[in-house]
Amino acid sequence: MPSTLEVFKAFLTIGATAFGGGGSAHIQNAIVTKHHWLTPDEFLESLTLAQTLPGPIFSNLAAQIGSKLAGIGGGVAACIAVSLPGALLILLLAGLYSKLPANTKWLEGALTGIGAGAVGVSLAMLLSIAPSALKTRVALLLAIAAFGANAALHISVLWILLVLVPVGVWLGRKVNHA
Amino acid sequence: MPDFWAVLLTFLRFGAIAFGGGIALISEMNRVLVLENAWLSPRVFVDGFALGQFVPGPNMLSVVFYGERTFGVAGALAAWLGMFTPGAALSILASSLWARIRAAPWAQAVRGALLPIGFGLSTGGVLTLAQASFHGIGSVALALVLGYLVYSRRLSLIAAVLVGGAIGAALSFLR
């Protein structure tokens, strides 16, 4: 098993090179393929759990795998390391943003294009996780209900969860018993 | 203007309810930061999200940008701590507890309900993002083409974002 420092270094590299999202794939590549610290099965279980918990999946997965590898200190180290390079860079950009002239046409165009790229990347992610998230009719129903409540009715996520999770557990149980 | 604690509490709440990953939160953050409190303008909100896609690491690093725009460097630190601490703490806790409860039927049932709900919220988040970042039919087409190329693995994620930015900048000279 790696030391806390080794975990920190591995996740710092991931945090500095995983551009534009897709963090889970970068973590899998480093921890499973490169370092052999986890088996593919162990990784998949961590990923599922990271998606179940609140918070950004990327840093949740880092914290979870870090603590699995090197205890609580490893979890804290992994979470900080994975977000530190990007946090410093975006802080720098935020400082520059206020100094930019308001009507820089090409920059507005570039940010609009990056925004379109971000939407495209997000759509690709939705398509790729849809098969595992929408396995049953109940799951599809829950997803549509959550989508409608969130996107059309603008209900707070907290309320959506408080109502839909019990409903989902109840519907899921009915299906399992049928 | 808010202070450090107001920013910290606001983002702690975001971090604690962000099921389905940070992207599920986009419409909620838009509601609270732009519509309800008016800490950010719609344009700053969208630009911050785009920059969050652009820098390496978690996409939700856009909260560092939102925090800085709201209350300077201290606001950035507050937003960072608030967004990442709840999930990280729960993840560390869960990794030791999960081994013991993983076989329990209720744990499987809750997980089975949370995954599709998280997916639905994420879809709503992408729709909100699309509504905010699309300026005309050209950006819709660009997003669909780039999305298809990423999904079919012909383009890496960072390449898609960079190509989008380059095309957007190039088109601005034609207008």
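Keep in mind that what you see is a predicted model, and the values were worked out from it rather than measured. In what follows, chains are A, B, ... by sequence order, proteins preceding strands, each numbered from 1.
- A ring-centre distance under 6.0 Å is not found for A/Phe147 and B/Phe119.
- For A/Gly109 against B/Ser172, the heavy-atom pair with the smallest separation is CA-CB, 4.2 Å.
- With a 4.5 angstrom heavy-atom cutoff, A/Ala130 touches chain B via backbone and side-chain atoms both.
- Interface remark: B/Ala16 contributes backbone atoms only to the contact with chain A (heavy atom separation under 4.5 Å).
- Comparing A/Gly117, A/Ala143, A/Ser46 by heavy-atom pairs within less than 4.5 Å of chain B, the highest count is held by A/Ala143.
- At a heavy-atom separation below 4.5 angstrom, chain A is approached by B/Trp80, B/Met83, B/Phe84, B/Gly87, B/Ala88, B/Leu90 within residues 80-90 of chain B.
- Put simply, B/Phe71 and B/Trp5 are part of the same group of oily side chains (I, L, V, M, F, W, Y) that touch within less than 4.5 Å, one to the next.
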Step-by-step side-chain contact (heavy atoms from CB on, under 4.5 Å) determination, B/Phe134 to A/Val119: CA-CA 9 Å; B/Phe134 284 167; A/Val119 172; 3.7 Å; yes
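- Contact annotation: the side chain of A/Pro54 never approaches that of B/Ile17 to less than 4.5 Å [non-hydrogen atoms, C-beta and beyond].
- Side-chain heavy atoms closer than 4.5 Å link hydrophobic residues (I, L, V, M, F, W, Y) into clusters, and following such links, even through other members, never connects A/Leu141 to B/Leu115.
- Within the 4.5 angstrom heavy-atom criterion, atoms from both the backbone and the side chain of B/Ile117 approach chain A.
- Of the inter-residue distances, the one linking B/Leu51 atom CG with A/Leu93 atom CG reads 5.5 Å to the nearest 0.5 angstrom.
- Between chain A and the residues B/Pro116, B/Ala109, B/Gly147, the largest count of heavy-atom pairs under 4.5 Å involves B/Pro116.
- Between chain A and the options B/Leu146, B/Val110, B/Val73, B/Val64, heavy-atom pairs under 4.5 Å are most frequent for B/Val64.
- Residues B/Ser139 and A/Thr112 have side chains that never bring a donor and an acceptor to within less than 3.5 angstrom of each other.
- Summarising the local packing, CG of B/Leu149 is surrounded by more than 12 heavy atoms from other residues, nucleotides or ligands at distances under 6.0 Å.
- Your options are A/Ile90, A/Ile80, A/Leu142, and the one with the most heavy-atom pairs under 4.5 Å with chain B is A/Ile90.
- Both the backbone and the side chain of A/Val76 have a heavy atom closer than 4.5 Å to some heavy atom of chain B.
- To the nearest 0.5 angstrom, A/Leu153 atom CG is 11.5 Å from B/Ser27 atom OG.
- The side-chain heavy atoms of B/Val126 and A/Leu126, taken from C-beta on, include a pair separated by under 4.5 Å.
- One distance of note links CZ of B/Phe65 with CG of A/Leu91; it measures 10.5 Å at 0.5 Å rounding.
- Note that CG of A/Asn150 is 9.5 Å distant from OG1 of B/Thr123, once rounded to the nearest 0.5 Å.
- Here A/Ser59 is the residue among A/Ala50, A/Ser59, A/Cys79 with the most heavy-atom pairs under 4.5 Å with chain B.
- Between atom OG of residue B/Ser95 and atom CG of residue A/Leu61 there is a gap of 11.0 Å, rounded to the nearest 0.5 Å.
- Taking B/Arg31, B/Arg43, B/Gln131 one by one and counting their heavy-atom pairs under 4.5 Å with chain A, the maximum is reached by B/Arg43.
- With respect to chain B, the highest number of heavy-atom pairs below 4.5 Å among A/Gly148, A/Ala110, A/Ala62, A/Gly71 belongs to A/Ala110.
- Heavy atoms closer than 4.5 Å to chain B are found nowhere in A/Ile65, neither backbone nor side chain.
- Grouping the Ile, Leu, Val, Met, Phe, Trp and Tyr side chains by contacts below 4.5 angstrom, directly or via other members, places B/Leu127 apart from B/Val46.
- Within 6.0 Å of the CG atom in A/Leu162, the count of heavy atoms belonging to other residues, nucleotides or ligands exceeds 12.
- Two different hydrophobic clusters hold A/Leu127 and B/Tyr148 under the rule that ILVMFWY side chains link at heavy-atom gaps under 4.5 Å.
- In terms of heavy-atom proximity, A/Ala151 sits nearest to B/Gly124 at CB-CA, 3.9 Å.
- In the hydrophobic clustering of ILVMFWY residues, with side-chain heavy atoms under 4.5 Å counting as a link, B/Val32 and B/Phe4 come out together.
- For B/Gln108, the side-chain hydrogen bond (donor to acceptor under 3.5 Å, both in side chains) partners at least two apart in sequence or on another chain are B/Arg111.
- A 4.5 Å side-chain heavy-atom check between A/Tyr97 and B/Arg69 finds at least one atom pair inside the cut-off.
- With respect to chain A, the highest number of heavy-atom pairs below 4.5 Å among B/Val140, B/Val150, B/Leu61 belongs to B/Leu61.
- A/Gln64 is not listed as a side-chain neighbour of B/Ile92, based on a closest heavy-atom distance of 4.5 Å or more.
- In terms of heavy-atom pairs under 4.5 angstrom with chain B, the leader among A/Gly66, A/Gly168, A/Ala116 is A/Ala116.
- Here the shortest heavy-atom pairing between B/Pro56 and A/Gly15 reads CB-O, 3.2 Å.
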Derivation of the side-chain contact (heavy atoms from CB on, under 4.5 Å) call for B/Leu114 and A/Leu161: CA-CA 8 Å; B/Leu114 275 175; A/Leu161 289 169; 3.9 Å; yes
